[in-house]
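The structure under discussion appears below in the form of structure tokens.
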6 protein chains.
Amino acid sequence: MPDGPRDAFRSPRFSQPPTFMRLPYRPDVSGANVAILGVPFDGGTTNRPGTRLGPREIRVQSSLIRPYNYFQKVAPFEELAVVDAGDVDASPINLARAYAAIEVRVSEIVAAGARPLVAGGDHGISLPILRALARRHGPLGLVQFDAHVDTWEGDFGDQHFHGSAFYYAIEEGLVDPRRFVQVGIRGPMYGEADFDFHRAKGITVLDIGQVHAAGVAGVVEVVRRVASGPAYVTFDIDAVDPAFAPGTGTPEPGGLTSHQSLELVRGLAGLDIVGADVVEVSPPFDGPGQITAVLASNLLFELLSAMARGSVR
Amino acid sequence: MPDGPRDAFRSPRFSQPPTFMRLPYRPDVSGANVAILGVPFDGGTTNRPGTRLGPREIRVQSSLIRPYNYFQKVAPFEELAVVDAGDVDASPINLARAYAAIEVRVSEIVAAGARPLVAGGDHGISLPILRALARRHGPLGLVQFDAHVDTWEGDFGDQHFHGSAFYYAIEEGLVDPRRFVQVGIRGPMYGEADFDFHRAKGITVLDIGQVHAAGVAGVVEVVRRVASGPAYVTFDIDAVDPAFAPGTGTPEPGGLTSHQSLELVRGLAGLDIVGADVVEVSPPFDGPGQITAVLASNLLFELLSAMARGSVR
Amino acid sequence: MPDGPRDAFRSPRFSQPPTFMRLPYRPDVSGANVAILGVPFDGGTTNRPGTRLGPREIRVQSSLIRPYNYFQKVAPFEELAVVDAGDVDASPINLARAYAAIEVRVSEIVAAGARPLVAGGDHGISLPILRALARRHGPLGLVQFDAHVDTWEGDFGDQHFHGSAFYYAIEEGLVDPRRFVQVGIRGPMYGEADFDFHRAKGITVLDIGQVHAAGVAGVVEVVRRVASGPAYVTFDIDAVDPAFAPGTGTPEPGGLTSHQSLELVRGLAGLDIVGADVVEVSPPFDGPGQITAVLASNLLFELLSAMARGSVR
Amino acid sequence: MPDGPRDAFRSPRFSQPPTFMRLPYRPDVSGANVAILGVPFDGGTTNRPGTRLGPREIRVQSSLIRPYNYFQKVAPFEELAVVDAGDVDASPINLARAYAAIEVRVSEIVAAGARPLVAGGDHGISLPILRALARRHGPLGLVQFDAHVDTWEGDFGDQHFHGSAFYYAIEEGLVDPRRFVQVGIRGPMYGEADFDFHRAKGITVLDIGQVHAAGVAGVVEVVRRVASGPAYVTFDIDAVDPAFAPGTGTPEPGGLTSHQSLELVRGLAGLDIVGADVVEVSPPFDGPGQITAVLASNLLFELLSAMARGSVR
Amino acid sequence: MPDGPRDAFRSPRFSQPPTFMRLPYRPDVSGANVAILGVPFDGGTTNRPGTRLGPREIRVQSSLIRPYNYFQKVAPFEELAVVDAGDVDASPINLARAYAAIEVRVSEIVAAGARPLVAGGDHGISLPILRALARRHGPLGLVQFDAHVDTWEGDFGDQHFHGSAFYYAIEEGLVDPRRFVQVGIRGPMYGEADFDFHRAKGITVLDIGQVHAAGVAGVVEVVRRVASGPAYVTFDIDAVDPAFAPGTGTPEPGGLTSHQSLELVRGLAGLDIVGADVVEVSPPFDGPGQITAVLASNLLFELLSAMARGSVR
Amino acid sequence: MPDGPRDAFRSPRFSQPPTFMRLPYRPDVSGANVAILGVPFDGGTTNRPGTRLGPREIRVQSSLIRPYNYFQKVAPFEELAVVDAGDVDASPINLARAYAAIEVRVSEIVAAGARPLVAGGDHGISLPILRALARRHGPLGLVQFDAHVDTWEGDFGDQHFHGSAFYYAIEEGLVDPRRFVQVGIRGPMYGEADFDFHRAKGITVLDIGQVHAAGVAGVVEVVRRVASGPAYVTFDIDAVDPAFAPGTGTPEPGGLTSHQSLELVRGLAGLDIVGADVVEVSPPFDGPGQITAVLASNLLFELLSAMARGSVR
């Protein structure tokens with residue numbers, strides 16, 4: 001079993017090459033239950049770029065993570081063997097090559113018996129991850145925290161970009177739309193037709209108004225009911241309000257607070273989480289405190305803890 | 001009728017000289033129902049400057065606005081002919097000349113049959129706008145979202161600065177104090193005498209404590225009752241908490257959240273809004289994510305949508 | 001009695017060398033009831049440094065403080081003689097020397113009959129302040145707003161650092177653990193054993209979940225019940241969420257809002273506050289708006305106002 | 001003939017939607033001699049991204065340009081009809097589509113009789129520009145200011161990226177290597193083999209050491225001798241030292257000063273410049289002063305002035 | 001005689017309310033030979049604002065100044081009694097009132113027998129300073145380091161702004177144009193007519209090309225020859241290249257280096273300097289290192305040292 | 001022999017946990033000729049802190065280093081086995097413990113037969129490094145690039161801080177003062193007595209004026225003559241002008257350019273360099289381009305290349 005995080009009482013948090021949560025860097029994930037994987041790719045981004053720098057900054061800020069989850073009452077590194085699996089060396093200039101490399105790498109992790117916990121990168125990367133996971137698990141449940149639906153068919157004449165991952169995930173049969181719930185949707189839109197696909201496929205949407213009305217407990221209840229069976233969790237950081245997550249490319253005011261975000265993820269424990277990601281962290285648009293990467297680190301830790309609590313696989 | 005916003009699926013959001021909401025730049029506003037106007041003037045500012053750069057940054061960040069308002073259920077560019085009317089070329093060094101130029105330009109817009117939707121600039125600019133509008137509509141109702149009362153008589157020996165607009169708006173008969181409501185007032189003050197003018201004139205104040213106690217629905221009810229008849233809406237971005245709007249000159253902690261702000265503006269639909277502004281956005285004091293200008297863009301879009309829903313004029 | 005704050009209608013807020021709340025700089029505190037003291041020391045910091053620059057930036061941003069507290073209904077500078085007592089010239093390179101200097105300076109202030117209101121600096125500085133105060137008042141009640149417990153025994157082989165102040169405060173008998181309450185605790189931890197000391201000593205903890213559940217009024221009730229008698233208040237700015245206070249060294253998402261923070265401090269009025277501090281403000285990690293120092297300034301003003309209302313000493 | 005720049009004594013520099021040098025925005029370039037064109041594309045970038053935001057920031061900062069070039073003794077807007085031709089709406093997610101769009105747009109400009117003066121964007125965009133120009137003019141001379149040779153054959157398995165433009169420009173016969181000179185080359189390299197292509201083709205290189213040794217006059221002499229006949233000028237901002245141009249993706253210390261850069265471009269007057277670009281300005285990596293975009297604006301103005309002096313076409 | 005700077009071996013450089021060069025804050029300048037005065041006024045600024053925050057930041061960064069000038073071989077605080085005279089409380093919203101206040105305050109300083117050494121503020125403030133000084137000394141020699149001539153007659157319909165100080169200084173007879181030299185002029189201009197006034201009045205101009213050609217020694221020789229007799233020195237920080245001084249409002253690439261700037265000021269020793277200023281430092285446009293204010297602090301120290309060496313008055 | 005740097009044509013520069021120059025992370029340095037070591041300690045800093053974050057940022061920015069040194073004509077990773085040896089886990093709160101840990105770790109490296117190439121950290125760390133090296137090599141020659149002499153005896157009552165390393169290096173016999181040369185000294189000082197120690201011991205000083213007068217070649221000649229025999233090279237980044245290296249704690253204008261810095265280090269080839277460091281890089285005070293860490297990375301590469309050329313040991 002791999003070592004746990006480096007001891008912060010002896011090695012300062014800012015010391016040594018940064019790895020996710022100060023875990024050992026182990027590109028060979030054999031023996032690991034969870035592989036934290038960086039996907040530094042932003043080639044599908046249509047507004048402000050920079051999420052290619054997300055994994056690096058999340059590694060840096062995740063040095064603040066300590067080993068025990070007080071609110072979930074679990075010590076995930078004791079329950080699970082967790083490693084920093086490194087990054088996918090995705091081409092920054094060719095989306096198709098990048099998606100192929102991501103799918104290959106996640107397939108390796110799955111084959112080794114580990115669950116991928118991914119730090120992006122733009123939201124398009126969820127598609128090749130889902131391709132690798134669905135090959136193993138069949139059509140998956142999906143919990144998507146996001147300001148945007150990301151179910152467009154394409155942009156600028158291309159199919160794949162950071163707003164189309166879940167259209168193709170459904171069209172390719174990777175995700176079961178009846179077990180797919182979106183949480184936090186908001187912002188100016190193109191029209192009511194933005195939801196035609198949802199209605200046709202039976203996707204559940206909880207827009208931000210519904211989230212505020214239902215409260216965390218109400219949302220969690222819906223999410224747990226919908227996303228039964230093997231499920232993937234994708235957390236687009238722009239689900240959170242720009243005050244709490246300014247470092248992102250397509251900010252939408254009026255989003256989740258950090259407290260709501262953490263509580264919502266804590267509510268996922270018990271789901272059969274076969275993989276998860278936190279995406280769209282763009283450090284150049286954050287301030288010097290890098291609070292977006294700090295929050296992303298905590299969301300990854302909560303996802304990991306939820307995996308640890310429900311690790312019945 | 002002018003064209004609507006440029007299509008973001010064909011022209012990237014960061015492409016072309018930025019205009020408000022990617023609308024056509026039309027200094028000649030004939031045929032328009034709403035003219036979005038920049039007033040890049042900060043010569044009345046007594047603390048941190050920089051709101052002269054507000055309209056430019058709001059144009060940049062408003063590129064994220066899409067054409068449909070999902071929460072208000074209205075497509076404002078289909079209901080209203082909307083243009084970017086450009087900026088008032090106000091002297092940066094002479095407040096009196098600047099106010100005169102603003103009044104002239106807003107009068108032109110009013111004469112052309114369009115309603116002004118203004119991006120500031122410091123809060124003093126509301127006075128010349130109100131002068132132009134009151135000449136047409138008579139004494140107006142007024143909804144002011146703000147941390148500060150802005151009813152001082154002057155500063156440093158002068159009458160006009162960014163904290164005196166509404167004192168003079170009432171003294172000059174531009175605003176009917178009985179139809180004037182202030183929302184979000186807070187922060188350290190000079191004394192209870194700060195509200196003597198309010199009491200004498202019958203201005204309604206909802207301080208931030210009352211806002212939190214009443215909730216959005218409660219505030220909206222008061223606002224709609226008070227600001228009946230033709231009304232102006234002025235939104236000082238410092239009504240919002242500095243976490244959500246750091247880019248401003250006189251920040252006061254403990255303010256509105258972005259979600260509350262958006263919901264409050266949505267609640268204005270049905271008022272007879274003859275003009276509106278969003279002021280005090282100072283980009284040099286925001287971070288690289290420019291979340292203050294992003295929020296201001298969304299508030300302008302909500303104001304526009306409220307105009308579209310109530311466009312019975 | 002010392003003069004109050006400089007008049008902002010005649011001297012701009014950005015003018016003159018900055019002092020706390022634009023008060024006179026009076027290293028000789030005789031005649032003062034409250035001495036606002038800077039402690040620019042960050043030598044006990046184990047993650048991001050920079051709180052040595054906290055007092056300077058808090059002075060700058062506190063220029064926005066006006067003389068009347070509208071929510072507490074008190075004009076503190078009329079009730080109390082308040083001065084900027086300057087900074088402790090603490091060695092930046094030797095923690096022991098620095099702590100000694102802090103204790104000496106606070107003892108001088110206490111001897112002069114003034115209460116210290118301190119701007120830090122890292123959280124370790126509370127220990128020498130408590131040493132000076134307990135010598136005068138005996139074991140104190142303690143109200144700690146914080147994300148972290150700060151009751152570790154040491155780090156890197158040393159006893160004293162910014163996470164051990166309250167362990168030693170209790171071990172040295174400076175604080176009565178039965179009158180000690182911590183508010184806002186959260187974040188990943190080392191294990192449940194982090195609270196063994198609390199259980200053994202009888203320290204009251206309100207973690208962030210309990211704070212949200214109880215609401216401000218519920219928390220205030222507990223705090224006032226626990227911290228009876230002469231009490232010290234220590235406010236670690238990381239009790240607040242990073243969105244509202246990004247400029248700090250060990251940020252933990254999911255914290256207090258600025259509104260909650262201000263309300264909680266307002267709720268302290270009536271306690272017998274013999275001294276207080278606001279610590280862990282690190283300006284290099286804040287953005288250009290410096291909203292963390294703005295908030296810290298307001299918290300200091302609320303603490304001062306609470307002292308003024310309860311100034312029965 | 002189009003109007004010249006807006007009058008800065010009547011319209012503030014920060015007023016109105018920003019266009020290049022405050023020129024009229026005229027996507028229809030008929031009648032223009034020079035079309036300043038933005039190409040906001042960074043999809044070929046292999047390190048820090050962000051040059052897609054270059055044209056927008058260069059427009060903003062070019063508001064400081066005044067109409068007379070004192071050092072070149074020419075008023076370019078009097079000699080030439082110059083317009084802001086807008087941006088190429090290049091797909092941000094597909095390099096091949098983007099290059100095609102760039103080539104089409106530049107061809108339109110050439111067909112209209114105007115010379116393109118381009119603000120990038122990453123350095124890959126020079127290739128489609130050269131394709132459009134060479135179709136009209138035949139193989140061109142080329143003056144490249146750059147830290148890097150940009151003559152690699154490809155990266156990550158693809159041919160085209162921001163380091164291969166000039167390899168393909170020569171292989172496709174767009175540039176005559178005997179009339180091609182590179183100025184400012186430096187930085188760690190892959191090996192002496194980096195220059196095999198240069199030797200084989202007869203490209204002239206003046207590395208930074210040679211530039212410092214020869215001085216501006218010496219370099220200008222070489223450049224003018226080599227780049228005879230119709231020539232293109234490409235200025236990668238990383239030719240300049242990072243102190244003067246921090247806002248770029250692949251910074252190399254030890255480069256040109258701003259003064260040298262301006263003087264070198266001034267020395268191009270007399271060349272038959274059929275088009276030119278300034279590329280690799282990445283605003284997110286600049287500071288709040290945006291000095292990189294300021295410098296790029298001045299380089300564009302010097303290029304324009306050089307065109308005006310030599311406008312014998 | 002006032003005390004010298006606070007001892008940095010006992011009081012950290014970041015400790016205590018910042019004053020210029022850590023000198024005592026003495027609004028009453030009696031007994032002082034030199035009064036360092038802040039003028040935080042930017043109401044005459046026509047591009048990016050923010051110099052109102054210049055004196056405050058210069059005070060902060062001047063904490064690095066030590067007492068001995070190694071290159072000028074003088075200990076200025078031993079030769080001269082120097083104080084921080086505080087700031088002029090100039091109205092931020094009314095240029096005429098501000099100029100009047102500046103003139104009054106400088107007159108007080110002059111009357112007290114002290115020479116003013118001023119930190120701005122925008123360049124317009126030199127005019128009221130010269131009014132106060134010329135009343136005492138008669139028409140003055142003038143050494144102006146600047147990118148811009150600042151001899152325009154007005155802007156936006158007003159006479160006075162930050163580009164007209166020296167036009168009126170001559171028209172009002174405050175400066176003898178034959179003893180007036182400008183150093184570092186550059187940037188795009190309006191036309192050759194920009195220098196008509198210079199030719200008519202006999203002002204000497206050394207543009208940046210001439211500066212580079214003559215070298216520091218050559219420039220110094222000219223300056224010393226022209227500015228004989230009682231002279232004022234005004235240093236606009238934009239004389240320096242934006243790489244060395246990004247924090248300014250109207251940056252012009254291709255300027256002086258910091259080394260040249262310091263050497264040029266050192267060369268002024270021997271002139272009869274009756275007053276001096278360093279202006280146009282705008283901290284919001286500098287980076288976190290605030291190198292512009294650091295340089296300004298050193299220029300003030302060199303000016304002070306030059307005064308000390310030539311203090312024959 | 002360890003592997004060389006990761007291939008940047010296959011793994012993006014921003015991918016994978018950052019190590020120095022993309023080298024393998026090998027805490028066990030056996031078999032290495034050069035060990036690049038981070039020392040993230042800033043506990044001896046008396047002005048702006050933050051160099052504890054230097055090694056991490058230098059790792060990030062050193063991803064731009066390519067394997068061949070074109071100007072020195074050497075491929076250092078082919079000549080030498082080079083590894084990233086990780087960081088010294090130095091206590092951030094106790095200088096004495098930290099120095100001990102540094103000395104132990106460097107001794108390990110020396111014992112393993114490798115030369116240490118160190119990234120700091122504040123300048124005090126050179127002392128324990130020299131202790132370890134002198135134990136092996138005897139009194140060393142020393143080349144110090146710096147704005148400051150760093151030969152003070154102590155500060156705030158302590159001996160060791162970042163300004164006293166070389167006083168104790170000589171007093172402890174670690175450095176032979178006759179073979180010690182300082183390059184780049186400048187800035188305001190305390191008095192001529194600052195050089196008494198130099199005169200008494202025979203240390204050679206080339207102040208910045210002498211550097212500019214002698215030129216790079218002249219300085220190199222002196223340095224090579226003085227620092228004969230086994231020598232250590234210490235490069236304080238503040239030797240460089242703040243324009244080129246803003247991210248440091250004690251900036252002094254008027255320093256070296258980046259080009260001069262690189263050339264000076266290139267001139268060291270042939271010296272018997274037994275170890276070297278680049279110190280005082282403080283990322284929080286740099287801008288988003290992090291040009292200081294970029295320059296530091298290049299200086300480390302030039303030092304490594306000089307070692308490779310002279311690797312006769």
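In what follows, chains carry the letters A, B, and so on, assigned in the order in which the sequence lines appear, proteins first and then strands, with residues in each chain numbered from 1. A quick note: this is a predicted structure, and the numbers were derived from the prediction, not measured. All values below come from the heavy atoms of this structure, side chains included, with hydrogens, waters and symmetry mates left out.
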Relative to the ring of C:F301, is the ring of C:F77 parallel (under 30°), tilted (30 to 60°) or perpendicular (over 60°)? tilted
Under 4.5 Å from any heavy atom of chain E, what part of C:P18 do you find: side chain, backbone, both or neither? both
So, does E:S91 use its side chain to make a donor-acceptor pair with the main chain of E:A98 at under 3.5 Å? no
Presence of salt bridge, C:R59 and C:D84, under 4.0 angstrom: yes
Please confirm whether the backbone N or O of E:S63 pairs with a side-chain atom of E:R13, one donor and one acceptor, at under 3.5 Å? yes
Part of E:P288 lying under 4.5 Å from any heavy atom of chain C: neither
Give a yes-or-no answer on whether the side chains of E:T250 and E:N47 include a donor-acceptor pair shorter than 3.5 Å. no
Tell me the residues of residues 106-113 of chain E whose non-hydrogen atoms fall below 4.5 Å from those of chain C, in number order. none
Going by atom types only, do E:D146 and E:H123 share a side-chain donor-acceptor pair under 3.5 Å? yes
Is E:Y25 close to chain C through its backbone or its side chain, or both, or neither, when contacts mean heavy atoms under 4.5 Å? side chain
Return the set of residues passing side chain to side chain contact (heavy atoms under 4.5 Å, CB included) with E:T46 (not counting sequence neighbours), or none when no residue passes. B:P92, B:I93, E:D155, E:F156, E:F161, E:H162
Non-hydrogen atoms of chain C under 4.5 Å away: do they reach the side chain of E:P40, the backbone, both or neither? both
Assert top hit (heavy-atom pairs under 4.5 Å, partner chain C, pool E:L53, E:V60, E:V88, E:T19) equals E:V60
Quick one, C:F41 with C:L95, criterion side chain to side chain contact (heavy atoms under 4.5 Å, CB included). Give me CA distance, side-chain angles, the key distance, then yes/no. CA-CA 9 Å; C:F41 177 76; C:L95 188 146; 4.0 Å; yes
Without hydrogens or angle criteria, can the side chains of C:T292 and C:D286 be said to hold a donor-acceptor pair below 3.5 Å? yes
If I measure from the heavy atoms of chain C, does E:V39 come under 4.5 Å with its side chain, its backbone, both, or neither? neither
What part of C:R52 is in contact with chain E, defined as an atom under 4.5 angstrom from a non-hydrogen atom: side chain, backbone, both or neither? both
